[in-house]
Protein chains: 2
Amino acid sequence: MQTEEENNTLDDFLAIAKALSDPSRVRALLALRRGELCVCQIIALLDLAPSTVSRHMSLLKQAGLVKGRKEERWMHYRLAKPETGTGIIQASLQWVFMATEKDNTIEEDKKRMARILRQSPESLCKTRTKKRKGNQ
Amino acid sequence: MQTEEENNTLDDFLAIAKALSDPSRVRALLALRRGELCVCQIIALLDLAPSTVSRHMSLLKQAGLVKGRKEERWMHYRLAKPETGTGIIQASLQWVFMATEKDNTIEEDKKRMARILRQSPESLCKTRTKKRKGNQ
DNA sequence: TCTTCAATTCGTCACATAACGAAATATATG
DNA sequence: CATATATTTCGTTATGTGACGAATTGAAGA
């Protein structure tokens with residue numbers, strides 16, 4: 001994937017563009033600017049079903065925008081590092097960051113994530129399991 | 001839409017990302033680097049039904065990436081100019097350009113468009129009308 | 001080994017979207 | 001006004017996608 005990369009740049013690009021065309025994925029990606037996050041923390045941020053969040057993160061990973069690391073039973077995601085990315089990845093990340101700079105939702109997410117980070121990840125997961133989720 | 005633009009930057013961004021997550025739209029957009037193009041020329045490039053191309057161009061326009069200009073009975077599209085765009089637009093265009101720099105399809109499209117431009121737009125349209133299109 | 005639990009995968013549903021052709025619209029031209 | 005023609009809009013169909021819950025996987029811990 002990095003040895004030659006000469007022809008189907010378009011497909012790589014489209015995968016990135018698709019990954020970035022969903023609000024939940026963009027919010028998750030931007031939240032990772034803080035640093036590595038556990039899936040359960042992203043679940044808490046987005047307030048979506050674990051399976052949904054898992055799929056979102058998987059798409060971001062496939063596009064090459066984030067990296068995953070499993071520690072014990074928790075999966076941690078972080079932004080793709082400069083040395084890992086193909087240049088397009090880094091450019092894409094910069095693009096999202098600048099394009100969403102002044103967004104209200106993202107600002108709210110920062111505060112929300114600050115609150116989430118105050119709890120330990122362990123308690124977070126247990127809390128969520130017991131939590132009622134009664135909407136559609 | 002341009003008077004203040006303070007809060008829902010995310011929606012604008014998502015519209016752009018969605019517009020850029022389809023190969024036909026990206027190809028059309030990149031073809032416009034040459035300069036303004038008539039819809040019939042884009043139809044010839046992509047080899048899609050006129051109605052399909054029209055919809056694609058409409059989405060690109062909605063996202064703010066291209067501008068339309070009607071001259072006589074022909075619709076011409078061009079890239080959004082620096083002074084027109086919100087900054088995000090220009091950044092997005094630059095991003096697509098750099099990300100697809102080395103793509104084969106795009107290279108082919110350049111040659112293909114050169115061939116198309118050798119014909120006059122008028123003959124192009126009439127040709128296409130008579131042309132058989134027997135695939136799905 | 002059995003249990004626990006975080007995360008993922010799978011199946012399903014509702015809805016979005018890309019493709020087409022047909023019909024409508026707009027703009028010359030007879 | 002009627003015709004021709006470029007483009008758009010509309011309706012339909014097939015496929016893609018996001019959401020969920022249920023079942024599965026994998027890593028600790030009893």
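Letters go in sequence order (proteins before strands), and every chain restarts at 1.
The separation between B:Leu37 atom CG and D:dT7 atom C1' is 16 Å, rounded to whole Å. Protein atom CG of B:Leu14 is 14 Å distant from nucleotide atom C1' of C:dA16, rounded to whole Å. If you take CG of B:Asp22 and P of C:dT17, they are 11 Å apart, rounded to a whole angstrom. Atom pair B:Arg55:CZ and D:dC10:P shows a separation of 10 Å (rounding to whole Å applied). B:Met75 has its CE atom 11 Å from the P atom of C:dT27, to the nearest Å. Rounded to whole Å, atom C1' of D:dG18 lies 16 Å from atom CE of A:Met57. If you take CZ of A:Arg73 and P of C:dT4, they are 12 Å apart, rounded to a whole angstrom. One interatomic measurement links the two molecules: CD1 of A:Ile42 to C1' of C:dA7, which rounds to 12 Å at whole-angstrom precision.
When each of A:Glu72 and A:Leu59 is assigned the nucleotide of DNA chain D with its nearest heavy atom, A:Leu59 is the one assigned upstream, toward the 5' end. Positionally, the nearest nucleotide of DNA chain D for B:His76 lies more toward the 5' end than for the other of B:His76 and A:Glu71.
Listed nucleotides D:dC20, C:dG21, D:dT7 differ in distance to B:Cys38; the shortest reach to its side chain belongs to D:dT7. The listed nucleotides are D:dA6, D:dG21, C:dA7; the one nearest the side chain of A:Val39 is C:dA7. For A:Ser51, whose side chain is taken as the heavy atoms from C-beta onward, the closest listed nucleotide among C:dA7, C:dC10, C:dA28 is C:dC10.
In this structure, A:Gln119 contributes its side chain and A:Gln41 its backbone to no donor-acceptor pair below 3.5 Å. With B:Thr52 contributing its side chain and B:Leu48 its backbone, the two residues share no donor-acceptor pair below 3.5 Å. Within the 3.5 Å criterion, the main-chain N or O of B:Leu30 finds a donor-acceptor partner in the side chain of B:Arg33. Between the A:Asn8 side chain and the A:Asp11 main chain, no donor and acceptor come within less than 3.5 Å of each other.
For the pair A:Tyr77 and C:dA6, the criterion of a side-chain N or O lying under 4.0 Å from OP1 or OP2 is not met. OP1 or OP2 of D:dA19 sits under 4.0 Å from a side-chain N or O of A:His56. Within the 4.0 Å cut-off from OP1 or OP2 of D:dA6, not a single side-chain nitrogen or oxygen of B:Ser54 is found. In this model, the phosphate group of C:dT17 is approached by a side-chain N or O of B:Lys18 to a distance below 4.0 Å at OP1 or OP2.
With hydrogens and angles ignored, no donor-acceptor pair closer than 3.5 Å exists between the side chain of A:Thr52 and the base of D:dG18.
A:Leu93 approaches A:Ala80 most closely through the heavy-atom pair CD1-O, 3.9 Å. Closest non-hydrogen pair, B:Ala44 versus B:Arg112, comes out as O-NH2, 3.2 Å.
Between A:Lys110 and A:Glu108 there is no salt bridge, since no side-chain nitrogen of the basic residue lies less than 4.0 Å from a carboxylate oxygen of the acidic one.
Residue contacts for A:Ser58: at a heavy-atom cut-off of 4.0 Å it reaches no nucleic acid atom on any strand shown.
For the segment residues 25-34 of chain B, residues with any heavy atom less than 4.0 angstrom from an atom of DNA chain C are, sorted by number, B:Arg25.
Aromatic ring orientation, B:Trp95 versus A:Phe13: tilted (interplanar angle from 30° to 60°).
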